[in-house]
Amino acid sequence: MRTFFKYLSRLFFFLALVIVLYFSIIILTGIFTDYHPKEISELEISGNLEKAQISDSIFTFLSWNIGYGGLGAEMDFFYDGGKMVRPPLKLVEKYTVGILDFFNANDSIDFILLQEVDRKSTRTNFQDELSMLDGILINYSSSFGYNYKVQFIPIPLTSPLGQVEMGQANFSRHKPASSERYTYHSAYSWPKQLFMPDRCFVVSRFNLSNGKELVVINTHNSAYDSEGKLRNIEIPLIRDFMLNEFNQGNYVVAGGDWNQNPPDFKPEKLRTNYQAIKTEILDEMFFPKGWKICYDEKTPTNRKVDIPLTKGKTEVTVIDYFILSPNLDLTEIKTHSLNFQYSDHNPVFLKIRLKN
C-alpha cells in the first residue's frame, strides 16, 4: 500500500511538473514574440496606381468585417458561447470563395474598408487573404495594419486556437498619399494581454484638387467588452483624431466595426427573420453637432455566433456603420443583405458628396 501511494504521489508530481512547464513555455513564447506596434506606424502601399490629386466630389465606400473567412452561416464560436473553435477546411474554402465572388461583382467602389483579414492563422489554414483580395481587386491600391498577431493562443485548453495573424485592409481606386496604423491603447491585464488583439485604426490620406485631404479611417473596436472598459479608451482617441482633421479643413470618413450600436438605433425597425437586439450604445455626445452617424436602419450588419445561423433564434443587430464630418453630405447608405452566409457581418455601402 505504501508503495502504491509513493507511486501515486510521483505521478501527481510529474503531471504537475508537465502542466507548469507547459504554461511556462506558453508564457515565455508570448513574452518573446509579443507584438509591440508603435503609436503610429507607416504602412506599405501596394498596387501600381500613380499618386494624383483627386478632382471628384462624389465617392463610394464599402465596409465589411469578413469574419476572417471562417464565421459563415454554419459556424458558432466558443468566445460567443458556441462550441466550435476553428472552421473545417471545407467551410473556410466556401466562405473565402463567397467573399471573393462578392468583390468580383463589386469592383467599382472607390474605397473598401475590411476588418478581420487573416494573413497567417491556424484557423484558416494559414491562407493569406490580403493577397487573395489583391488578386481580385487588381485596379486598387491597398494597405494593411495588424490588429492581432499572436504566435500561439492556448485556449480553449482541449483545442487551442493556435496562431493568429489578422488585421484591417484599406483598398482604394486612388493611390493614397500615405497610410498609417494608429494604436488603440490596450487595457488588458498581464499576462492576458500577451494573447489578445492590439486594436488599431488605419488611416489613408488622399490629396484633393482643392488643396484639402480626404481622410479615410478603418476602425475595428473591441468586442467582449460589456463594461465598456476598452471602448471607453478607444472611442475618445479616434474621435479626437477625427475632430482635429476636420478642424484642419479636411474631409473625414470613418467606417468599420464599432462593436456598439449607433446612438439612435431601434431594433424594432430591422426587417429580419432573426431576433433583433440592442448591445452597447455609442454615446451621442461624443461627436459635436453636424457630424453624421450613417447606417441602414432596416438591415442588420452583425449576428451573434453562439449558434449556427437559425431563423427565429439567432440574434442580430447593427454595429457596422460610417461617421462623416460636417463638410460631407450623405447621398446613400445601404447594408447588403448576404444573410450572413460568408461572415457574421454584412457589408455596408456608403455614397457621399463633398460640400462646396
Side-chain angles (χ1 to χ4, degrees), residues 63-68 70-73 75-82 113-116 147-148 166 168 184 186-188 196-197 199-201 217-239 254-287 291-323 333-340 343-348 350:
S63 175
W64 191 12
N65 181 330
I66 64 171
Y68 57 82
L71 287 176
M75 281 294 293
D76 61 28
F77 189 51
F78 76 103
Y79 258 16
D80 259 22
L113 312 180
L114 303 182
Q115 303 86 43
E116 293 197 13
N147 72 353
Y148 210 170
M166 176 185 80
Q168 293 148 236
Y184 284 132
S186 172
Y188 297 109
M196 299 302 289
R199 299 285 183 181
C200 69
F201 59 95
I217 304 171
N218 179 353
T219 187
H220 188 185
N221 296 91
S222 291
Y224 311 108
D225 183 29
S226 59
E227 296 180 359
K229 182 179 179 182
L230 301 173
R231 287 189 297 270
N232 286 342
I233 296 173
E234 296 166 359
I235 296 300
L237 281 173
I238 191 172
R239 184 270 317 274
D257 177 358
W258 300 84
N259 264 309
Q260 53 196 313
N261 298 141
D264 58 350
F265 170 64
K266 294 179 175 59
E268 60 271 17
K269 289 190 176 183
L270 292 180
R271 296 177 181 174
T272 177
N273 293 320
Y274 309 103
Q275 292 190 43
I277 64 164
K278 275 189 177 183
T279 61
E280 289 75 31
I281 305 293
L282 177 68
D283 189 342
E284 63 180 347
M285 302 304 293
F286 267 123
F287 287 90
W291 287 77
K292 304 173 187 69
I293 300 175
C294 310
Y295 69 100
D296 180 348
E297 64 179 13
K298 296 178 181 179
T299 310
T301 70
N302 171 249
R303 76 158 178 112
K304 193 173 181 182
V305 202
D306 56 334
I307 56 174
L309 187 68
T310 307
K311 287 185 178 180
K313 292 184 178 180
T314 295
E315 295 179 344
V316 298
T317 192
V318 172
I319 58 175
D320 308 84
Y321 45 89
F322 289 90
I323 300 180
I333 184 76
K334 177 184 178 182
T335 299
H336 290 271
S337 182
L338 303 184
N339 197 31
F340 307 110
S343 170
D344 58 330
H345 292 252
N346 279 326
V348 181
L350 172 78

- Query: If you measure from CD on Gln260 to OG1 on Thr279, what distance do you get to the nearest 0.5 Å?
  - Reply: 7.5 Å

- Note on the structure: Closest non-hydrogen atoms of Tyr321 and Cys294, given as atom of the first, atom of the second and distance, are CB-O, 3.1 Å

- Query: Within a strict 4.5 Å, meaning less than it, do heavy atoms of the Leu230 and Arg199 side chains meet?
  - Reply: no

- Item | Ile293 vs Trp258 side-chain heavy atoms within contact, under 4.5 Å | no

- Task: Determine whether the side chains of Asn339 and Tyr274 contain a donor N or O and an acceptor N or O closer than 3.5 Å.
- Result: yes

- Once you round to the nearest 0.5 Å, how far does CD1 of Ile323 lie from CZ of Phe287? 4.0 Å

- Query: Taking the side chain as C-beta and beyond, is there a heavy-atom pair between Asp296 and Val348 under 4.5 Å?
  - Reply: no

- Query: For the residue pair Ser63 and Gly255, what are the closest heavy atoms and their distance?
  - Reply: OG-C, 4.1 Å

- Query: Out of Asn346, Asn259, Asp257, which one pairs with Asn65 under the side-chain hydrogen bond (donor to acceptor under 3.5 Å, both in side chains) rule?
  - Reply: Asp257

- Could you tell me how the ring of Phe201 sits relative to the ring of Tyr184: parallel (under 30°), tilted (30 to 60°) or perpendicular (over 60°)? tilted

- Query: Is there a side-chain contact between Pro267 and Gln275, using heavy atoms and a 4.5 Å cut-off?
  - Reply: no

- Query: Donor-acceptor pair, Asn218 side chain versus Leu114 backbone, under 3.5 Å?
  - Reply: yes

- Quick check: does any side chain N or O of Asp80 sit under 3.5 Å from a backbone N or O of Gly82, one acting as donor and the other as acceptor? no

- Task: Examine distances only and state if a side-chain atom of Gln168 and a backbone atom of Glu116 form a donor-acceptor pair shorter than 3.5 Å.
- Result: no

- Task: Kindly say whether His345 contributes a backbone atom to a donor-acceptor pair with the side chain of Thr301 at under 3.5 angstrom?
- Result: no

- Query: Taking all non-hydrogen atoms of both residues, which atom of Thr310 and which atom of Ile307 are closest, and how far apart?
  - Reply: OG1-CD1, 4.0 Å

- Which heavy atom in Ser343 sits nearest to a heavy atom in Gly67, and how many Å separate them? OG-N, 3.4 Å

- Query: Are side-chain heavy atoms of Phe340 and Val316 found at a separation under 4.5 Å?
  - Reply: yes

- Message: With a sphere of 6.0 Å drawn around NZ of Lys334, does it hold more than 12 non-hydrogen atoms of other residues, nucleotides or ligands?
- Response: no

- Item | Straight-line distance of Glu297 CD to Thr335 OG1, nearest 0.5 Å | 11.0 Å

- Task: Nearest 0.5 Å please: distance from the CG atom of Asp264 over to the CD1 atom of Ile281.
- Result: 9.0 Å

- Note on the structure: Interatomic distance, OG1@Thr317 vs CG@Asp320, rounded to 0.5 Å, equals 9.5 Å

- Under 3.5 Å donor-acceptor, Glu234 side chain and Ser222 backbone: yes

- Side chain to side chain, Pro263 and Leu282, heavy atoms closer than 4.5 Å: yes

- Message: On a heavy-atom basis, which atom in Phe265 and which in Ile277 lie closest, and how many Å separate them?
- Response: CE2-O, 3.4 Å

- Interatomic distance, CG@Leu338 vs OG1@Thr299, rounded to 0.5 Å, equals 11.0 Å

- Give the minimum heavy-atom separation between Phe286 and Pro236, together with the two atoms involved. CE2-CG, 3.9 Å

- Item | Asn261 (side chain) donor-acceptor with Val318 (main chain) under 3.5 angstrom | yes

